[in-house]
Structure formats: structure tokens, C-alpha cells
Amino acid sequence: LDIKVKEPTLESLARGKPVYMPPRFMTVNQAIEQLLEVDRKRGDGACGPDTRCIGVARVGCTDQQIVAGTAEELLPFEFGAPLHSMVVVGDAHPL
């Protein structure tokens, strides 16, 4: 997930003038949290807790992580340092 997360500090929000923390790469856990939150708000069941996912981190390195399971099962898993990728498994069209 090479999406960089840009978040304001809580202190700056309290003052009413947002000052942003340095950007950092999104983790598999953050991606799952956001997908589950969107699913809860929309209620269409597109990506729920039982959706099959694969989370990978540092592919090609000696300490790579590759973990498969439901979104709910992957949420507490610690993937470690970036870079992370996530695959949402779905049904493929026969063509």
C-alpha cells in the first residue's frame, strides 16, 4: 500500500489550525479498518469481516510476511515494517 497517510496532530486540531505529521505508508491493518468502516456505513456487504484477504509485507526480503484469512482474522496481525500490500479475494468472471 503505497498510499501515504497524512494526519493532523491532535494538538493542532485543538487549536483550530491543522499541522500535519510527516506522511507515512498505510499498513494492511489500516486498509482493513477503513474498508470495514466504509462497509458498515454503506451496509452493502462489499467488504465485510468475512471477506477473504491476503496481506503481504516486504515481499522479496528475508523477513517477508504473507498471511491469508478473513479481514477480521488479519486485523490484529502485526505485519511489521512497510511496505505492505493487500489483496481482496473475489470471484473471477469465467472469461
Side-chain angles (χ1 to χ4, degrees):
L1 297 159
D2 63 354
I3 299 169
K4 290 201 176 178
V5 180
K6 182 179 170 186
E7 298 174 313
T9 63
L10 293 176
E11 182 180 303
S12 70
L13 286 175
R15 292 184 180 164
K17 183 179 178 189
V19 175
Y20 292 95
M21 294 186 273
R24 55 192 170 85
F25 289 107
M26 182 180 282
T27 66
V28 170
N29 311 84
Q30 290 169 324
I32 291 172
E33 286 172 0
Q34 289 184 12
L35 287 171
L36 292 176
E37 181 179 341
V38 168
D39 186 63
R40 276 192 294 274
K41 288 181 179 180
R42 293 173 113 188
D44 58 7
C47 186
D50 294 328
T51 301
R52 293 174 294 159
C53 300
I54 302 167
V56 297
R58 297 169 309 287
V59 174
C61 295
T62 57
D63 64 339
Q64 72 180 9
Q65 296 279 339
I66 302 174
V67 182
T70 65
E72 191 173 50
E73 292 169 346
L74 291 176
L75 194 55
F77 189 83
E78 180 55 50
F79 286 91
L83 287 171
H84 293 187
S85 295
M86 188 178 102
V87 177
V88 178
V89 180
D91 295 324
H93 191 276
L95 295 179

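All values below come from the heavy atoms of this structure, side chains included, with hydrogens, waters and symmetry mates left out. Counting begins at 1 with the first residue of the sequence. Computed from a prediction, not measured in an experiment: that's the story for all the values here.
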**Request:** Kindly say whether Val89 contributes a backbone atom to a donor-acceptor pair with the side chain of Arg52 at under 3.5 angstrom?
**Result:** no
**Request:** Grab the two heavy atoms, one from Ala71 and one from Leu36, that are nearest each other, plus how far apart they are.
**Result:** CB-CD2, 4.3 Å
Note, [X] side chain near [Y] side chain (heavy atom, < 4.5 Å):
X     : Y     : answer
Thr70 : Pro49 : no
Glu33 : Leu75 : yes
Val67 : Phe79 : yes
Leu74 : Met86 : no

**Prompt:** Can you hop from Ile32 to Val38 via hydrophobic side chains spaced under 4.5 Å?
**Reply:** no
**Request:** Count the heavy atoms belonging to other residues, nucleotides or ligands that lie under 6.0 Å from CD of Glu72, then report whether that count exceeds 12.
**Result:** no
**Complete:** Partner of Ser85 under side chain to side chain contact (heavy atoms under 4.5 Å, CB included), picked from Ile54, Ile66, Val56, is Val56
To the nearest 0.5 angstrom, please state how far the [atom1] atom of [X] sits from the [atom2] atom of [Y].
X     : Y     : atom1 : atom2 : value
Cys47 : Arg40 : SG    : CZ    : 11.0 Å
Leu35 : Thr51 : CG    : OG1   : 8.5 Å
Asp50 : Glu73 : CG    : CD    : 8.5 Å

